[in-house]
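Numbers restart at 1 for each chain; the letters A, B, ... are given by sequence-line order, proteins then strands.
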Amino acid sequence: MSAAPFLTVRDLAKHYVSRGTKLNILEGISFDIAKGEVVGLVGESGSGKTTIGRSVLRLVEPSSGSVKFDGTELTTLSAAQMRRTRPRMQYIFQDPFASLSPRMTIGEILTEGLNIQGIGTRKERMDRARNALAQVDLPAEAVNRYAHEFSGGQRQRIGIARALTLAPEFIVADEPVSALDVSIQAQVINLLRDLQQRLGLTMLFISHDLAVVEYICDRVIVLYLGRIMEIASSADLYARPQHPYTRALLSAIPSPDPDAPRNRQILKGDIPSPANPPSGCVFRTRCPVAMEACAHTIPELREVSPGQFKACIRDDLN
Amino acid sequence: MDERVDPILDIRGLRTIFRTRGGEITAVDGIDLSVAAGETVALVGESGSGKSVTSLSVMGLLTRNVGAIAAGSIHFKSKDGAVRDLVTLDEEQMRRIRGDDIGMVFQEPMSSLNPVFTVGDQIAEPIRIHRNADRKSAMNSAVGLLDQVGIPDARRRAGQYPHELSGGMRQRATIAMALACDPTLLIADEPTTALDVTIQAQILDLLIKLQRERGMGMLFVTHNLGVVAEIAHRVAVMYAGRIVEEGPVGEVFRNPRHPYTLGLLASMPRLGEATRMKQTGDKLAAIPGVVPSLADMPDGCAFSPRCSYAIDACRVAVPPLAKVNAMHRSRCIRWQEVGR
Ligand SMILES: Nc1ncnc2c1ncn2[C@@H]1O[C@H](COP(=O)(O)OP(=O)(O)OP(=O)(O)O)[C@@H](O)[C@H]1O
Ligand SMILES: Nc1ncnc2c1ncn2[C@@H]1O[C@H](COP(=O)(O)OP(=O)(O)OP(=O)(O)O)[C@@H](O)[C@H]1O
Ligand code: SF4
Ligand code: SF4
Ligand SMILES: [Mg+2]
Ligand SMILES: [Mg+2]
């Protein structure tokens with residue numbers, strides 16, 4: 001990304017203290033997102049995907065590091081300044097059931113953000129709500145109904161419409177299709193891709209499903225235990241994964257193709273606890289090609305081919 | 001399914017109903033399914049299609065007074081070779097079969113583990129009850145089982161409580177518990193759905209290995225077609241309480257003959273495919289609409305409101321399971337025209 005990036009994250013870290021132990025949840029997270037680009041954030045449960053997404057929007061406060069959005073440093077903004085920036089950045093939640101209030105009509109849910117921001121007259125706000133519903137292929141009369149009257153896929157569309165009413169330029173979509181059945185998931189994925197292209201949205205797309213990410217993202221960040229293991233374009237990452245963890249992750253995904261070669265590489269052991277991360281490379285306790293040196297060196301994220309970065313000290317792998 | 005010899009589980013015409021506030025619903029409507037020794041059969045379908053209700057019906061674990069088997073038979077061959085219809089057994093007889101002849105593994109390991117007992121004690125208990133083993137030898141067997149399911153340092157782990165184990169290890173422990181009495185049938189309901197992919201790969205690998213070594217039959221419930229291809233010999237695809245397609249996994253996935261199976265396969269994003277689809281601008285083939293409510297089922301074929309092949313004749317009666325070939329069935333009147 002040589003043009004000035006739209007979002008720049010540098011050395012982001014997040015620590016929690018739990019029962020007297022320090023948890024290093026995120027460490028040295030740096031990446032850029034260009035305008036109109038969709039970047040995927042993948043990793044297993046607890047790897048820190050949500051924490052990154054929320055830190056970027058300052059829904060949680062990072063412990064250190066910098067987040068620059070369209071030239072403005074967000075981490076030092078006052079609450080009032082942040083409130084003014086908020087509408088430009090929206091968050092779509094995973095759970096279409098929990099994220100919509102059961103007591104509000106869809107119209108109220110969709111106009112809530114506009115209300116808080118004091119945007120438009122009542123009628124203008126309702127028009128924007130209806131317009132957002134049209135964008136996600138729901139009928140305008142839905143404004144008078146309640147969330148429980150809709151199916152899971154429809155509720156997720158409502159969640160997306162809610163994010164769209166404020167006409168954001170940047171969206172963090174946190175597992176937006178994970179709770180949905182496959183046939184419905186495909187509807188919502190197609191919709192998201194369509195909207196992204198039509199509205200030129202910039203997006204951080206969080207998912208543990210690498211196939212979904214490949215379908216929707218231009219570039220992908222692979223996370224393990226709160227550290228970035230690899231960053232590459234989707235085309236490169238899926239065809240030529242460089243990091244041993246990315247390779248293992250890709251090979252662990254069961255393929256529905258009965259003729260696919262079944263040569264899964266099975267990682268041993270469990271993901272370590274953030275209370276007690278391994279020294280050196282955090283992946284080394286499960287890495288099939290770890291060496292003595294991996295325990296002593298924290299691998300830097302380095303460019304191994306144009307646009308492809310990996311955090312692994314070994315260069316002799318193929 | 002009819003021609004196959006000597007199943008250990010043979011479900012015929014199973015119909016399971018629930019009494020709800022809105023009236024009676026039929027969650028499982030006339031299912032035929034069999035599992036032979038050494039065979040893994042996957043039950044696949046989307047949320048609410050009746051997979052769990054089918055397996056709960058077999059295990060006799062339907063919530064009393066709410067759910068009931070309204071019709072059909074479930075013949076099961078226990079270790080002693082006796083074949084009995086589980087539908088006719090009382091609670092005490094079912095209790096003896098569960099955990100001895102039939103092992104069970106569920107999605108949430110904590111639903112089968114008791115938080116106040118050590119993992120070792122919980123695995124040893126069925127061995128003591130069903131095998132009349134003394135405390136010490138039961139515990140030794142438990143440690144052996146934990147070792148077999150790949151838990152390192154098994155003796156120490158046996159002394160720990162469930163909350164001290166990771167999610168993957170807990171699931172291994174419930175598998176050890178299910179295997180404690182050497183069951184002939186293992187029923188696994190979404191055993192890897194709550195796990196990360198790298199841990200899922202470990203557990204699938206383990207189940208495949210154990211199933212082969214022990215020659216067990218396995219009824220494996222999942223909504224993930226990739227997992228089906230990985231683990232099962234045969235697959236039954238469920239939609240709205242009925243099996244709509246059934247056959248050997250390779251055959252059904254290569255040559256689907258029901259529009260719903262075809263749609264499911266096409267709506268899945270596949271690794272390596274997506275980059276090409278992006279370049280060509282192709283979209284995932286989503287199935288339009290939603291699954292019907294069991295309280296308000298369409299006439300005839302339940303898939304007809306979403307089916308691109310639907311014609312008037314589809315809405316007249318529920319299509320029968322048509323025979324595509326000796327092993328392969330499709331509940332579609334137009335199966336001959338359906339295909340990739
Ligand atoms: N408030 C908190 N206090 C302590 N630890 C926390 C807190 N919030 C999150 N964590 C820990 O931070 C780590 C990362 O959590 P996060 O939710 O970002 O993971 P994730 O990658 O989004 O996982 P998932 O795929 O399960 O959603 C986890 O170990 C989690 O337990
Ligand atoms: N105790 C119950 N009372 C009323 N209805 C029930 C009960 N248990 C299940 N059902 C209904 O039976 C149908 C089938 O449910 P089942 O749990 O078998 O689905 P499933 O295929 O296992 O779905 P999932 O993938 O979500 O686990 C659903 O419509 C469900 O709402
Ligand atoms: S640095 Fe070492 S342990 Fe880490 S991924 Fe590379 S080879 Fe494996
Ligand atoms: S019977 Fe008709 S509606 Fe049903 S799946 Fe076949 S073609 Fe479609
Ligand atoms: Mg998360
Ligand atoms: Mg279920």
Side-chain angles (χ1 to χ4, degrees), chain A residues 43-47 150-154 177 179-191 193-194 197 208-218 233-239 245 248-260 262 264-271 273 286, chain B residues 45-49 150 152 165-169 192 194-202 204-206 223-231 248-254 260 263-279 283-291 293 306:
Chain A
E44 295 177 275
S45 184
S47 57
F150 294 90
S151 70
Q154 287 172 326
V177 298
L180 306 175
D181 271 323
V182 260
S183 75
I184 308 298
Q185 177 180 301
Q187 296 172 3
V188 177
I189 295 173
N190 283 337
L191 171 73
R193 204 170 82 163
D194 219 54
Q197 287 171 354
H208 64 273
D209 185 330
L210 277 115
V212 169
V213 166
E214 180 185 4
Y215 186 69
I216 213 156
C217 299
D218 305 308
S233 71
S234 298
D236 287 336
L237 191 93
Y238 291 87
Y245 177 59
L249 203 55
L250 285 169
S251 96
I253 298 169
S255 161
D257 178 0
D259 303 315
R262 308 253 165 235
R264 256 186 298 115
Q265 172 202 359
I266 295 179
L267 285 183
K268 292 200 179 59
D270 281 312
I271 304 172
S273 152
R286 301 175 78 203
Chain B
E46 294 180 282
S47 187
S49 56
L165 307 185
S166 69
M169 258 199 261
T192 61
L195 304 174
D196 278 314
V197 277
T198 62
I199 310 298
Q200 165 170 284
Q202 294 173 353
L204 291 179
D205 202 53
L206 172 69
H223 66 275
N224 185 326
L225 298 168
V227 169
V228 172
E230 206 71 43
I231 201 165
V249 173
E251 157 88 10
V252 170
F253 282 16
R254 244 176 249 125
Y260 178 61
L264 275 186
L265 287 165
S267 63
M268 257 192 100
R270 290 170 192 233
L271 275 188
E273 271 287 279
T275 304
R276 184 194 58 71
M277 291 178 85
K278 255 188 303 204
Q279 283 155 2
K283 287 193 174 184
L284 288 174
I287 304 176
V290 294
V291 177
S293 151
R306 306 175 73 187

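Atom CZ of Arg286(A) sits about 4.0 Å away from atom OG1 of Thr198(B), to the nearest 0.5 Å. Note that CG of Asp257(A) is 6.5 Å distant from CZ of Arg270(B), once rounded to the nearest 0.5 Å.
Leu225(B) touches chain A through backbone and side chain together, each having a heavy atom under 4.5 Å away. Residue contact with chain B, scored on non-hydrogen atoms closer than 4.5 Å, involves the side chain of Gln185(A) exclusively. Looking at Leu267(A), the atoms closer than 4.5 Å to chain B (heavy atoms on both sides) sit in the backbone and in the side chain alike. Contacts of Ser45(A) with chain B are made by both backbone and side-chain atoms, with heavy-atom separations under 4.5 Å. Only the backbone of Glu273(B) comes within contact range of chain A, with at least one heavy atom under 4.5 Å from a heavy atom of that chain. Neither the backbone nor the side chain of Val228(B) comes within contact range of chain A, judged by heavy atoms closer than 4.5 Å.
The side-chain heavy atoms of Leu284(B) and Arg193(A), taken from C-beta on, include no pair separated by under 4.5 Å. Between Asp194(A) and Lys283(B) the shortest side-chain heavy-atom distance falls below 4.5 Å. Annotation: side chain of His223(B) is not in contact with side chain of Val182(A) (no heavy-atom distance under 4.5 Å).
The two residues Ala201(B) and Ile266(A) have their closest heavy-atom pair at O-CD1, 3.7 Å. In plain terms, the two heavy atoms of Arg306(B) and Ser183(A) that are nearest each other are NH2-OG, 3.1 Å. The shortest heavy-atom contact between Leu271(B) and Leu250(A) is CD1-O, 3.8 Å. Listed here is the closest heavy atom pair of Glu46(B) and Ile184(A): OE2-N, 4.3 Å. Across Pro254(A) and Gln200(B), no two heavy atoms sit closer than the pair CG-NE2, 3.3 Å. Across all their heavy atoms, Ala186(A) and Ser267(B) have their closest contact at CB-O, 3.5 Å.
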Discussion item. Does Asp259(A) form a side-chain contact (heavy atoms from CB on, under 4.5 Å) with Arg254(B)? I'd like the steps, not just the answer.
Written reply: CA-CA 9 Å; Asp259(A) 303 315; Arg254(B) 244 176 249 125; 2.7 Å; yes
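Using a 3.5 Å distance cut-off with no hydrogens or angles, the side chains of Glu214(A) and Thr275(B) do pair a donor with an acceptor.
Ranking Ala285(B), Ser166(B), Pro269(B) against chain A, the residue ahead of the rest is Pro269(B), based on heavy-atom pairs under 4.5 Å. Ranked by heavy-atom pairs under 4.5 Å with chain A, the first of Asp196(B), Ile199(B), Ile231(B), Ile287(B) is Asp196(B). Top candidate by heavy-atom pairs under 4.5 Å with chain B, chosen from Ala260(A), Ser255(A), Ala235(A), Gly46(A), is Ser255(A). The candidate from Gly168(B), Pro288(B), Gly250(B), Ala229(B) with the greatest count of non-hydrogen atom pairs under 4.5 Å with chain A is Ala229(B).
Between the side chain of Gln202(B) and the backbone N or O of Gly269(A), at least one donor-acceptor pair lies under 3.5 Å. Judged by distance alone, the side chain of Gln187(A) and the main-chain N or O of Gly289(B) form a donor-acceptor pair under 3.5 Å.
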